Amino acid sequence: MTHPSRRSFLAAAAAAGSLAAIPKLVYAERTRARRLAAGDDHRGPCSISSGNGVRAVAKARDRIREGVDPVIAVVEGVGIVEADPNDTTVGLGGLPNEDGVVELDSSVMHGPTHKAGAVASIRDILHPAQVALKVLQTTDHVLIVGEGARRFAIAHGFEPTNLLTPKAREAWLRWKRSNSPNDDWLDDDQMDWTPDGRERRSADAGTPDPVPFTYGTIHCGATDAAGNVSAVTTTSGLSYKIPGRVGDSPIIGAGMYVDNEIGSAGATGRGEAVIQSCGSYSAVRHMGEGKLPTEACLAVLEEIATRSKRQRRLVDDEGRPNFNVVMYALRKDGAYGSAAMWSGASFAVATADGARREPCAHLFER
Ligand code: GLY
């Protein structure tokens with residue numbers, strides 16, 4: 001199901017000025033959108049994140065209740081996921097670049113001062129969001145990259161750590177083996193041995209599944225009782241990327257943005273698409289112009305979907321993006337929403353009612 005019918009609803013409502021004049025189908029569509037977007041009606045302190053951040057939003061909410069600044073609270077919240085070796089998209093255990101080296105990106109923004117800090121392609125440092133916060137707090141810069149970021153972190157007492165877990169290393173080796181049947185790395189179905197050293201039996205053989213590229217990431221935004229907003233995004237980025245590739249997460253206005261007069265936004269998914277549409281900045285602007293958080297997310301996704309048609313390799317036979325992006329938006333008064341390019345995604349939110357996952361609205365139905 002696509003967004004244009006919602007747009008028709010808004011046009012119809014504006015033209016007719018009353019619900020009675022709205023065609024039945026369009027009204028049904030509006031009801032569906034409402035059901036998926038209860039967060040647009042929420043008011044009060046709130047933290048929102050990607051679906052992998054239920055613990056992060058709970059932590060951020062609890063720290064804000066204790067009086068901690070939202071920028072500290074969101075960085076502490078995502079720190080739980082950065083340290084989790086089972087999340088292969090963030091921090092420790094994140095999937096590495098094509099050389100098998102984990103490179104992390106993060107940015108953070110403090111609404112009241114409109115100050116941002118970010119690090120990109122940083123290696124060996126477990127908590128890039130904390131390093132981004134140090135950039136924000138202790139320098140006149142916004143973004144520090146690569147070896148400079150690593151040295152900056154070590155100077156601030158961060159211990160160099162091996163971030164490549166055995167699980168992530170094995171996933172990377174499987175990707176290397178599956179890259180091409182014509183290179184010297186044997187695909188799983190070409191080997192006489194299983195990867196763990198057993199002689200392969202016929203039952204083990206068969207065509208191996210292709211190893212997909214993944215974009216993980218955690219974004220977390222929060223607002224306190226005074227309406228002060230902050231946000232953070234942190235990631236290991238695109239799996240098996242070209243070394244030095246930087247996604248949207250550390251780019252202010254792409255992977256994350258805050259305007260304390262309006263609210264915050266963040267993005268996960270295909271970073272290149274988000275960068276090229278300034279996704280988070282655009283979502284905040286849409287809210288500033290009066291769109292509800294969920295509508296703001298959908299509007300950005302529409303922009304991305306429309307622009308994707310200009311690169312044929314990025315769309316399917318029906319002209320729809322062949323990748324996912326998820327947008328998250330939080331208004332300073334606590335209204336919140338999230339939408340994904342494709343159906344089936346969820347996001348995390350913590351309010352006075354608890355921390356939970358909610359379904360994202362979406363542009364396209366799988
Ligand atoms: N959105 C994460 C990345 O593209 O790196």
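All of these numbers come straight from a predicted model, not from anything done at the bench. In each ligand, atom 1 is the first atom listed, and ligand 1 is the first ligand listed.
Of all atoms in ligand 1, listed by their number and element, those nearer than 4.0 Å to a heavy atom of Thr217 are 1 (N), 2 (C). The contact set between ligand 1 and Gly237, taken as ligand atoms under 4.0 Å from a residue heavy atom, comprises 5 (O). Those atoms of ligand 1 that come under 4.0 Å of a heavy atom in Gly269, given as number and element, are 1 (N), 2 (C), 3 (C), 4 (O).
Between the His219 side chain and the Val232 main chain, a donor and an acceptor come within less than 3.5 Å of each other. The backbone N or O of Gly227 lies less than 3.5 Å from a partner atom in the side chain of Lys332, making a donor-acceptor pair.
With a 4.0 Å cut-off on non-hydrogen atoms, Leu238 touches ligand 1 through its backbone and not its side chain. Neither the backbone nor the side chain of Glu103 has any atom closer than 4.0 Å to an atom of ligand 1 (non-hydrogen atoms only). In Ser249, the part holding a heavy atom less than 4.0 Å from any atom of ligand 1 is the side chain.
Residue contacts with ligand 1: Gly247 is placed with no nitrogen or oxygen under 3.5 Å of a nitrogen or oxygen of the ligand (distance criterion only). Annotation: Ala267 places no N or O atom under 3.5 Å from an N or O atom of ligand 1; distance criterion only.
A donor atom on one side chain and an acceptor atom on the other are found under 3.5 Å apart for Ser282 and Glu303. For Asp87 and Asn52, the side-chain atoms include at least one donor-acceptor pair closer than 3.5 Å. Side-chain atoms of His42 and Asp333 form no donor-acceptor pair, as typed in the model, at a separation below 3.5 Å.
Across Arg245, Arg270, Glu272, Lys241, heavy-atom proximity to atom 5 (O) of ligand 1 is greatest for Arg245.
No option in Val54, Ile64, Ile80 other than Ile80 meets the side-chain contact (heavy atoms from CB on, under 4.5 Å) test with Lys59.
The nearest heavy-atom contact from the protein to atom 3 (C) of ligand 1 is Asp248 OD1, 3.3 Å.
Side chains of Val326 and Phe347 form no contact here, defined as non-hydrogen atoms less than 4.5 Å apart.
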